[in-house]
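Reading through the structure tokens given below for one structure.
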Amino acid sequence: MIADSAYVRTCWLQACRMEVLSPKPGNVSPGHDFADASTADFLRSAEAAADVIAAAVGQPVGRTVLQSVRAVRTVVSHNTNLGIILLIVPLAAVPLRQTLEAGIQSVLSGLTVQDSCDVYAAIRLAAPGGLGRAEDQDVAAEPTQDLRVCMQLAAERDLIAAQYADGFRVVLQTGAEWLQEAKERTSVQSQQVVWVALRLLAEFGDSLIARKSGQQQSAMAAALAEKVLQAGWPAAAEAGTALAELDAFLRSDGNRLNPGTTADLTAAILFAALRDGRMVMDEALFAAPDCHPAGGRST
């Protein structure tokens, strides 16, 4: 069990590191910090939650989510990785003797009302932006349904919630296929990560952008991401112009168009690939010094 926990811990830390250290358009990455968030904040947040995530097997999903968010709040003052935690905790809860696809349904079918209560408490503690109000099972109130039902109610407006509703299809099936496509296009892992993020954004837009700035802005982000892919990034040099256009759009309006849901899903796809042995992190490419400034971000 100790060896299993150590493996899950490593996969969590590597997925988080690969996500934030890859120069995905519109997101925090080295040289592209936000006014209220830095690359170091995300690395520190991942470290803070690592031991809790590592112990997810056999623990209630909601409790692990809440404990992870509490741990993160000891090192940053605002939300950095709530979405990543919500996505990866159910995956980390699958015993290592099973593949994620084989085991995720058992985890999801075991979700309870107490899981909902704990996840709602975690969301209120993290205080992400753009939540809005829901007619049924609103996060500001105490839930009365199990967590999967609550997520199903939010699935149409939140792609993270949709993963709970449909068995993590985008992460475990679609995302796995796109990551394989990315590997065929480039051998550079950071470019593979960016390509997956572009593919997600082009296909789905971004739930966070839609909630904070409207569906039209999310659709514009999707169209610009598709333009980058159609231009042949990363192989075609001229595609760099389209990528720069997308990045400038997403960083406009004080980073309000930050595609946070896309980043969260990218991290989950990476975790799944690392955990199931379909990817090995390039240690040299993603090596970075530990950083410890204070800060955080509201997303």
Side-chain angles (χ1 to χ4, degrees), residues 6 8-54 65-89 92 122-123 125-130 160 188-194 196-197 206 208 212 247-248 250-271 274 279 281-299:
V8 172
R9 187 182 195 277
T10 296
C11 293
W12 158 264
L13 289 172
Q14 289 184 344
C16 292
R17 179 173 287 269
M18 292 174 73
E19 183 274 315
V20 76
L21 295 182
S22 298
K24 305 182 314 306
N27 294 137
V28 169
S29 62
H32 293 285
D33 291 344
F34 293 174
D36 60 349
S38 69
T39 302
D41 294 331
F42 287 87
L43 295 175
R44 292 169 63 238
S45 296
E47 287 281 357
D51 288 342
V52 181
I53 300 291
V65 169
L66 180 55
Q67 289 178 345
S68 297
V69 171
R70 285 173 173 166
V72 170
R73 292 290 278 189
T74 67
V75 298
V76 295
S77 59
H78 300 291
N79 176 36
T80 49
N81 59 358
L82 172 64
I84 297 175
I85 290 170
L86 286 170
L87 286 168
I88 291 182
V89 165
I123 293 170
L125 178 60
I160 292 174
V188 180
Q189 281 190 345
S190 59
Q191 291 182 342
Q192 293 169 7
V193 175
V194 172
V196 169
D206 190 272
L208 181 62
K212 293 175 69 175
D247 191 54
L250 295 174
R251 296 187 190 281
S252 63
D253 195 19
N255 294 307
R256 185 173 175 80
L257 300 178
N258 160 45
T261 302
T262 299
D264 297 338
L265 285 162
T266 300
I269 290 167
L270 293 171
F271 176 85
L274 291 162
M279 176 177 247
M281 187 181 80
D282 184 338
E283 297 279 357
L285 182 62
F286 291 104
D290 291 331
C291 303
H292 301 278
R297 79 166 174 188
S298 298
T299 56

[Y] and [X], any side-chain heavy atoms less than 4.5 Å apart:
X: Phe286; Y: Val20; result: no
X: Glu47; Y: Leu13; result: yes
X: Ser252; Y: Leu257; result: yes
X: Val72; Y: Phe42; result: no
X: Val52; Y: Arg70; result: no
X: Ser38; Y: Asp41; result: yes

Taking all atoms of both residues into account, what is the closest heavy-atom pair of [X] and [Y], and its distance?
X: Val8; Y: Ile53; answer: CG1-O, 3.9 Å
X: Pro23; Y: Ser29; answer: CA-OG, 3.8 Å
X: Ser45; Y: Thr80; answer: OG-OG1, 2.7 Å
X: Ala48; Y: Val75; answer: CB-CG2, 3.7 Å
X: Ala49; Y: Trp12; answer: CB-CZ2, 3.9 Å
X: Arg73; Y: Ala126; answer: NH1-O, 4.2 Å

Original post:
Given Thr266, which of Val194, Ile84, Val193 fulfils the side chain to side chain contact (heavy atoms under 4.5 Å, CB included) condition?
Top reply: Val193
From [X] atom [atom1] to [Y] atom [atom2], the distance as rounded to the nearest 0.5 Å:
X: Arg17; Y: Met281; atom1: CZ; atom2: CE; value: 6.5 Å
X: Thr74; Y: Arg44; atom1: OG1; atom2: CZ; value: 8.5 Å
X: Gln14; Y: Leu270; atom1: CD; atom2: CG; value: 10.5 Å
X: Asn27; Y: Asn255; atom1: CG; atom2: CG; value: 9.5 Å
X: Ile269; Y: Glu19; atom1: CD1; atom2: CD; value: 11.0 Å
X: Arg256; Y: Leu250; atom1: CZ; atom2: CG; value: 14.0 Å

Subject >> Under 3.5 Å side-chain donor-acceptor pair for Asp264 and Thr261 >> reply: no
Original post:
Is a donor on one side and an acceptor on the other found under 3.5 Å between the side chain of Asp33 and the backbone of Val28?
Top reply: no
